[in-house]
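Just below is one structure, and these are the notes that go with it.
These numbers come from a predicted model, not from an experiment.
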Amino acid sequence: MSLIATAGSESTFKPVPEGTHLARCYRIVDLGTQESTYLGQVKHQRKVMIQFEVHGDDENGFALITRAGEPMSISKNYTLSIGEKSRLRQDLASWRGKAFTPEELKGFELKNLLGVWGMISVIKTPGPDGKEYSNINAITPVPAVVKKSGMPQYFNDPKIFSIDSPDMELFATFSDYLRAKIEGSPEWKSRSASAYTGGGVEELDEDIPF
């Protein structure tokens, strides 16, 4: 058998360009407890991924779509906490355009974010491998003038994935990297095989304030 080295296939993934874009939250994924290192300190924290579909054009007037003709998507991972200094709390307050009330701080249902539109600010930052990646730097409300002009038709159905009651059909659509990340969490490893249940979430009214 011959051993033939090739350059391999080039990635067809198109990153969201820098700038401010109209976007809609369509997926929330429970990542379980993940290990991270910051300033030499190792932490184990419950993480969640919030994913958006992006609409509009880039600075050259080209539609923000993939090669398959679908809206581009971008996600951001958060520690599952709305503590005073948490990034999730900061981004949600900015997105909502208002601070959390004491009652809301007792527990905020992330499913309320599904189907909600916002303006995301995307910047490119270097990763640990030296490559540049598109990242969400801020999320703000959609301006009234944009709402009045009419919102675009959304593409993805809203879905939420929870390790406690995993939707295995949805799980099968995740990338190998995302599945491996979830499978590496202690919550996934410890769950009982008999606890598998399917299901997504109900369609939500996109105009409901969250």
Do Leu92 and Leu105 belong to the same hydrophobic cluster, where Ile, Leu, Val, Met, Phe, Trp and Tyr are linked whenever their side-chain heavy atoms lie under 4.5 Å apart, directly or via other members?
yes
Applying side-chain contact (heavy atoms from CB on, under 4.5 Å), run through Thr20 and Ile120 and close with a yes or a no.
CA-CA 5 Å; Thr20 301; Ile120 59 171; over 6 Å; no
Could you go through Val122 and Asn137, starting from their C-alpha distance and side-chain angles, then the distance that decides it, and tell me whether this counts as side-chain contact (heavy atoms from CB on, under 4.5 Å)?
CA-CA 6 Å; Val122 178; Asn137 185 56; over 6 Å; no
Using a 4.5 Å cut-off on heavy atoms from C-beta on, say whether the side chain of Ile182 contacts that of Ile163.
yes
Under a 4.5 Å side-chain heavy-atom rule over Ile, Leu, Val, Met, Phe, Trp and Tyr, are Tyr177 and Met49 clustered together?
no
Contact check, side chains of Ile136 and Ser121, non-hydrogen atoms, under 4.5 Å:
no
Between Met168 and Leu178, is there a shared hydrophobic cluster once you connect ILVMFWY residues whose side-chain heavy atoms come closer than 4.5 Å?
yes
Under 3.5 Å donor-acceptor, Ser162 side chain and Pro166 backbone:
no
Does the pair Glu18 and Ser134 meet the rule for a side-chain hydrogen bond (donor to acceptor under 3.5 Å, both in side chains), with working shown?
CA-CA 7 Å; Glu18 290 184 300; Ser134 295; over 6 Å; no
CA sep, side-chain torsions, deciding dist, call: Glu70, Ile65, side-chain contact (heavy atoms from CB on, under 4.5 Å)
CA-CA 5 Å; Glu70 302 173 357; Ile65 56 175; over 6 Å; no
Taking the side chain as C-beta and beyond, is there a heavy-atom pair between Tyr154 and Pro71 under 4.5 Å?
no
Quick one, Asn77 and Val48 - any side-chain contact, counting heavy atoms below 4.5 Å?
no
Are any side-chain N or O atoms of Asn60 and backbone N or O atoms of Phe62, one a donor and one an acceptor, separated by less than 3.5 Å?
no
Hey, does the side chain of Ser94 reach the backbone of Ile139 with a donor-acceptor pair shorter than 3.5 angstrom?
yes
Over 12 non-hydrogen atoms of neighbours within 6.0 angstrom of NZ in Lys124:
yes
Going by distance alone, is a donor N or O of one side chain under 3.5 Å from an acceptor N or O of the other, for Lys47 and Thr79?
yes
Within the 3.5 Å criterion, strictly below it, is a donor on Asn135 or Thr125 matched to an acceptor on the partner's side chain?
yes
Below 6.0 angstrom between ring centroids: does that apply to Phe161 and Phe171?
yes
Without swapping roles, check the side chain of Thr37 against the backbone of Gly40 for a donor-acceptor pair under 3.5 Å.
no
How many angstroms lie between atom CD1 of Ile50 and atom CH2 of Trp95, to the nearest 0.5 angstrom?
6.0 Å
Gln34 versus Gln45: any side-chain heavy-atom pair under 4.5 Å?
no
Using only heavy-atom distances, determine whether the side chains of Gln51 and Tyr26 contain a donor-acceptor pair under 3.5 Å.
yes
Rounded to the nearest 0.5 Å, what separates atom OG in Ser73 from atom CZ in Phe52?
11.5 Å
Any donor-acceptor pair under 3.5 Å linking the side chain of Ser185 with the backbone of Thr33?
no
Strictly distance-based, threshold 3.5 Å: is any side-chain N or O of Glu53 a donor or acceptor partner for the main-chain N or O of Met72?
no
If you define the side chain from C-beta out and look only at heavy atoms, does anything of Arg27 sit under 4.5 Å from Phe174?
yes
Run the side-chain contact (heavy atoms from CB on, under 4.5 Å) check on Lys159 and Val29 step by step: do they pass?
CA-CA 8 Å; Lys159 295 286 185 179; Val29 179; over 6 Å; no
Rounded distance [0.5 Å steps], CD1 in Ile160 versus OG in Ser165:
9.0 Å
Under 4.0 Å between a side-chain nitrogen and a carboxylate oxygen: does that hold for Asp164 and Arg191?
no
Got a sec, which residues hit ring-ring contact (aromatic ring centres under 6.0 Å, His included) with His55, two or more places apart in sequence or on another chain?
Trp117
For Arg96 and Ala99, indicate whether the former's side chain and the latter's backbone hold a donor-acceptor pair under 3.5 Å.
yes
Within 45° cone of Tyr78 ring axis and under 6.0 Å: Arg87 NZ or CZ:
no
What is the minimum heavy-atom distance between Asp57 and Leu64, and which atoms define it?
C-CG, 3.9 Å
Please list, chain by chain and in numerical order, all residues satisfying ring-ring contact (aromatic ring centres under 6.0 Å, His included) with Phe100, sequence neighbours excluded.
Phe108
Can you find a heavy atom in the side chain of Met151 that is under 4.5 Å from one in the side chain of Val142?
yes
Are any of the side-chain heavy atoms of Ser36 and Val42 separated by less than 4.5 Å?
no
Closer than 4.0 angstrom, basic N to acidic O: yes or no for Glu183 and Lys189?
no
Once rounded to the nearest 0.5 Å, what's the spacing between atom CD1 of Ile82 and atom CG of Leu80?
9.0 Å
May I ask whether Tyr133 and Ile74 are part of the same hydrophobic cluster, defined by side-chain heavy atoms of I, L, V, M, F, W, Y residues being less than 4.5 angstrom apart, directly or through others?
no
